[in-house]
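A quick write-up on the structure given underneath.
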Amino acid sequence: MGQERVLVVGAGAMGTQIGAVFALAGHPVTVQDISEDALERSQAVVRKRVGRLAEKGAIEAVDAEAAIGRMSWTANLEDAAATADLVVEAASERLDIKREVFARLGAAAPEHTILATNSSSIPSSLLAEASGRADRLCNMHFFNPALVMQAVEVVPNDQTSEATIETVLRLTEGIGKHAVRLHAEVPGFVANRLMMALLNEAVALQAQGLASIEDIDAAAKLGLAHPMGPFELMDLVGLDVVHDIQVAMHDMTDGDDPAPHPDVQRLYDAGHYGQKSGKGWYDHS
Ligand SMILES: NC(=O)c1ccc[n+]([C@@H]2O[C@H](COP(=O)([O-])OP(=O)(O)OC[C@H]3O[C@@H](n4cnc5c(N)ncnc54)[C@H](O)[C@@H]3O)[C@@H](O)[C@H]2O)c1
């Protein structure tokens, strides 16, 4: 049997690179989106990013061309699903959109096809009923940029079969990623939970006037060997993204996980999102 055929739903920032990762590992890949613009941009991004890997000598030029040649782009979900062995959904982060996509995938994909969602905050259990195949469904959470970041969190819902998880773990290893296997759903999975614990503590320390944001960042970098400090990280990721993740985790745990700290809320309300808006914890203007 050749390499499993992969359908990636959503040709945005994540879907495009997830598709390229599978194609580089030899899988035939279809990337689907409802937006023709997104499909065009996605093709251009793949050419650029995969081309750059070859320029840097990370891969051979012929392998780059072969990988790009294994990819196709379409607006037709049903046709693409009909031949897929694995679907990774990376469409916009909205439950209503994902439910509709999974209902259509569940109807159009062959029986054996595994459906995974790359969602950062929507657990696959919320898509189980729509998909009609809870046992062949899980979260497969890539990190941004997917071509670079090595971890993939693999998260079962309470009906996901062991066979499904084993297949997803094998596929994850096959694309050269490290699978972080969770044993049950938890808001934020592992990486975002770790990150939020760090960020919340950093924000609390500065709010209590115990140290400056510069010194807290220095402690993380020069004391813990983190590549960047928590305040630099928030400015890079975006205070809007941090805020939204914290709200989602707070809501999903019925308040067990903290709501955004008042200082994060204040920056968020002022539109001070960090690098993307020119100002966050630091001034980037
Ligand atoms: N950006 C990140 O850092 C990151 C990291 C990990 C996971 N995620 C998750 O990945 C998913 C996608 O995020 P993104 O940053 O790539 O978003 P994005 O906005 O860049 O791309 C989303 C794409 O989905 C398309 N889309 C919307 N509705 C659709 C539908 N019904 N069918 C097919 N395509 C549809 C949009 O046209 C768009 O091109 C989200 O679930 C997000 O939580 C994002």
Side-chain angles (χ1 to χ4, degrees), residues 6-21 29-46 49 72-81 84 87-109 115-124 126-127 130-131 137-155 172 177 179-180 182 185 187-196 233-249 252 273-276:
V6 178
L7 164 61
V8 179
V9 179
M14 293 304 294
T16 295
Q17 293 210 15
I18 292 169
V21 165
V29 173
T30 305
V31 179
Q32 185 270 349
D33 205 292
I34 47 169
S35 153
E36 290 293 344
D37 280 355
L39 289 168
E40 264 177 43
R41 268 198 310 276
S42 171
Q43 293 189 48
V45 168
V46 165
R49 297 293 303 244
S72 58
W73 285 262
T74 182
N76 189 320
L77 184 71
E78 274 72 18
D79 282 0
V87 179
V88 181
E89 173 275 323
S92 308
E93 186 72 346
R94 272 180 39 194
L95 184 58
D96 58 335
I97 291 179
K98 293 193 193 285
R99 282 211 168 121
E100 193 214 320
V101 167
F102 276 83
R104 290 171 62 187
L105 289 170
L115 308 182
T117 176
N118 180 53
S119 174
S120 300
S121 69
I122 298 170
S124 74
L126 294 183
L127 306 168
S131 75
L137 178 72
C138 66
N139 284 74
M140 202 175 175
H141 184 234
F142 289 77
F143 291 81
N144 192 12
L147 273 163
V148 177
M149 302 303 278
Q150 290 299 302
V152 178
E153 291 174 316
V154 177
V155 192
T172 304
K177 300 291 188 197
V180 175
L182 278 83
E185 292 176 341
F189 309 135
V190 169
N192 273 341
R193 293 197 73 77
L194 291 175
M195 180 166 89
M196 290 308 157
L233 182 60
M234 282 184 267
D235 277 8
L236 175 74
V237 171
L239 269 301
D240 51 339
V241 174
V242 170
H243 171 273
D244 290 352
I245 293 174
Q246 291 183 338
V247 168
M249 287 172 62
M252 280 189 288
Y273 297 156
Q275 288 186 12
K276 66 178 97 168

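In listed order, ligands and their atoms are each counted from 1.
- Qualifying side chain to side chain contact (heavy atoms under 4.5 Å, CB included) partners for Arg94, counting only residues two or more places apart in sequence or in other chains: Asp96, Ile97.
- Taking OG from Ser121 and NE2 from His141, the interatomic distance works out to 8.5 Å, rounded to the nearest 0.5 Å.
- Separating the CH2 atom in Trp73 from the CD atom in Glu40 is a distance of 12.0 Å, to the nearest 0.5 Å.
- The backbone N or O of Ser35 sits less than 3.5 Å from a side-chain atom of Asp33, completing a donor-acceptor pair.
- Residues passing the side chain to side chain donor-acceptor pair (under 3.5 Å) test with Arg104, sequence neighbours excluded: Glu78, Glu100.
- Sorted by chain and number, the heavy-atom contacts of ligand 1 below 4.0 Å come from Val9, Gly10, Gly12, Ala13, Met14, Gln32, Asp33, Ile34, Ser35, Ala38, Ala90, Ala91, Ser92, Glu93, Ile97, Lys98, Val101, Asn118, Ser119, Ser120, His141, Phe142, Asn144.
- Here Asp240 pairs with Lys276 under the side chain to side chain donor-acceptor pair (under 3.5 Å) rule; sequence neighbours left out.
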